Amino acid sequence: MDTRILVPLDGSERAERAVPVAERVARNSGAGSHITLLQVVSRPAPLSGAYAPQVPPAPWMQQDVAAARAYLAHVAGWPLLADLSVETRVEIGGAPTAVILDVAEAEGSDLILICSHGRAGAAHWLLGSVAEQVARHASMPVLVLREQEAAPIGAREQPLRALVPLDGSSLGETVLAPVATLMLVLAGLSQAVIHLVMVLPPSDADPAIVPEHPTLRSARIYLMRVADRLRAIYPRLEVGWSIVPGHDTARALLRVIETGGSAGPSAVSYGYDLIAMATHGRSGVAHWAFGSVTEHMLQHTHLPLLVVPPRAPDAKEAARRAKQPHAAMELAEPIHVAPGEAESLWTPLF
């Protein structure tokens, strides 16, 4: 599979934590994979009035652009990136987020890799807030890394584990193909594990309150079917699932992360290396807006977060939902993927 990866940098060591992850994704994705290292030289906001400069600060801008080019050339020359296709780009702009998104579109990037914290380096911008804005508005998957990570994700010789919350909607399912693809390329020859989790109100999720509640039963069937399909499409993946009671979905998910596991017939007790979520969803059986939960996780989790933009349901899907209000708990028609083809796709399969 050929993957185009965009890595925005700001000149800081923290931001550079994205480079080894990009290298691992590119090297395990295929010979045609490509990494673009980007640095944005921010132009100061124009002044007005008596203190407005009469000429643009051309010398200052030229110095910063030259410094950025030298810095990116240095990073591109790291032995870690040897034998990979690496390009460097220095762009001038007022808003780094807008520049990053424009470059990602122009490059046809499949994935943006960005660290959630940086410093005001040569580009004069704080990478933390930019990372959140990029994840919020990008049209392709964005992997937001954290500076607190002891080692780059995928670098440890142990099973790689991702927590994937679902709300029963097709928009929430948009995350499944990208996270499966990312987990397999990051894991390499190691085991990749995806754990699906759905948060339901305690009155629906606790069998002790309402034995075999219809919503709980539907959620179980839904998660089992999604897990079965993932295993069929990605045989190398280990897939589990669980249902968690909670009034506040974001807090319930953070509790699952902190405790290292969750309750359920297919649950396992272990830590997670990654969370993957769609940026938006609809109020499905879990009764929550997926977008706002993703925003909360962006701001509060210490784990890397893969954020995947939604795709609009097609006419057939819309008609199905109109006829069946609770169709979110049912899977769409089975898809047929040739052996080995699924792992080359970053676009949604579900």
Side-chain angles (χ1 to χ4, degrees), residues 1-12 14-29 33-40 72 75-76 81 84-91 93 95-118 123 125-147 149 152-154 162 174-175 177-183 185-186 274-280 291 294-295 297-299 301 303-311 345-348:
M1 131 178 85
D2 298 341
T3 301
R4 300 188 67 86
I5 307 159
L6 179 64
V7 183
L9 299 173
D10 69 349
S12 70
R14 293 173 180 174
E16 291 168 4
R17 296 177 70 88
V19 177
V21 182
E23 178 270 338
R24 191 172 184 87
V25 172
R27 203 171 291 282
N28 290 342
S29 294
S33 296
H34 180 81
I35 298 174
T36 297
L37 305 176
L38 169 68
Q39 184 159 5
V40 181
L72 291 182
V75 176
L81 300 177
L84 291 176
S85 174
V86 181
E87 173 192 2
T88 63
R89 289 187 62 161
V90 176
E91 299 289 339
T97 299
V99 176
I100 293 170
L101 295 176
D102 287 345
V103 171
E105 291 289 345
E107 293 268 332
S109 301
D110 299 295
L111 177 69
I112 300 176
L113 268 168
I114 189 168
C115 189
S116 62
H117 292 85
W125 50 282
L126 294 175
L127 201 57
S129 59
V130 171
E132 291 184 11
Q133 291 292 326
V134 168
R136 187 176 296 121
H137 299 291
S139 62
M140 67 284 298
V142 178
L143 179 57
V144 181
L145 302 173
R146 309 294 179 177
E147 62 173 314
E149 297 165 41
I153 182 173
T174 306
V175 72
V179 70
T181 301
L182 180 64
M183 291 294 287
V185 296
L186 283 176
L274 172 74
I275 308 170
M277 302 181 71
T279 49
H280 297 284
T294 305
E295 296 268 337
M297 300 301 289
L298 264 172
Q299 297 172 7
T301 181
L303 292 178
L305 180 62
L306 177 68
V307 181
V308 180
R311 61 181 175 86
L345 301 176
W346 284 90
T347 52

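Since this is a predicted model, take the numbers as computed values, not measurements. These values consider heavy atoms only, across backbone and side chains, with no hydrogens, waters or symmetry-generated copies.
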Set out, in order, the CA-CA distance, both residues' side-chain angles and the distance that settles side chain to side chain contact (heavy atoms under 4.5 Å, CB included) for M277 and L306, then state yes or no. CA-CA 6 Å; M277 302 181 71; L306 177 68; over 6 Å; no
For the [atom1] atom of [X] and the [atom2] atom of [Y], what is their distance to the nearest 0.5 Å?
{"X": "E107", "Y": "I112", "atom1": "CD", "atom2": "CD1", "result": "10.5 Å"}
{"X": "I5", "Y": "L111", "atom1": "CD1", "atom2": "CG", "result": "6.0 Å"}
{"X": "T97", "Y": "E132", "atom1": "OG1", "atom2": "CD", "result": "10.0 Å"}
{"X": "S33", "Y": "N28", "atom1": "OG", "atom2": "CG", "result": "9.0 Å"}
{"X": "I100", "Y": "Q133", "atom1": "CD1", "atom2": "CD", "result": "10.5 Å"}
{"X": "E87", "Y": "L37", "atom1": "CD", "atom2": "CG", "result": "9.0 Å"}

Hey, does [Y] have a side-chain heavy atom less than 4.5 Å from the side chain of [X]?
{"X": "V179", "Y": "V308", "value": "no"}
{"X": "P141", "Y": "L182", "value": "no"}
{"X": "V7", "Y": "V75", "value": "no"}
{"X": "L38", "Y": "L9", "value": "no"}
{"X": "E105", "Y": "M140", "value": "yes"}

Would you say the side-chain atoms of [X] pair up with the backbone N or O of [Y], donor to acceptor, closer than 3.5 Å?
{"X": "R146", "Y": "P304", "value": "no"}
{"X": "R24", "Y": "L186", "value": "yes"}
{"X": "T181", "Y": "A177", "value": "yes"}
{"X": "T36", "Y": "L6", "value": "no"}

Which atom names give the shortest non-hydrogen contact between [X] and [Y], and what distance separates them?
{"X": "I114", "Y": "A131", "answer": "CD1-CA, 3.8 Å"}
{"X": "L145", "Y": "A18", "answer": "CD1-CA, 3.4 Å"}
{"X": "P309", "Y": "A138", "answer": "CB-O, 3.6 Å"}

Assess whether a salt bridge exists between E16 and R14, defined as any Lys/Arg side-chain N lying under 4.0 Å from an Asp/Glu carboxylate O.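 Salt bridge between E16 and R14, a charged N being under 4.0 Å from a carboxylate O: no.
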By side-chain contact (heavy atoms from CB on, under 4.5 Å), which residues pair with A135, not counting sequence neighbours?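 side-chain contact (heavy atoms from CB on, under 4.5 Å) check on A135 returns V142, V144, L298, V307.
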Got a sec, which residues hit side-chain hydrogen bond (donor to acceptor under 3.5 Å, both in side chains) with E23, two or more places apart in sequence or on another chain?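 With sequence neighbours excluded, E23 shows a side-chain hydrogen bond (donor to acceptor under 3.5 Å, both in side chains) to R27, given in chain and number order.
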Go through L274 and L303 one step at a time and tell me if the side chain to side chain contact (heavy atoms under 4.5 Å, CB included) criterion holds. CA-CA 6 Å; L274 172 74; L303 292 178; over 6 Å; no
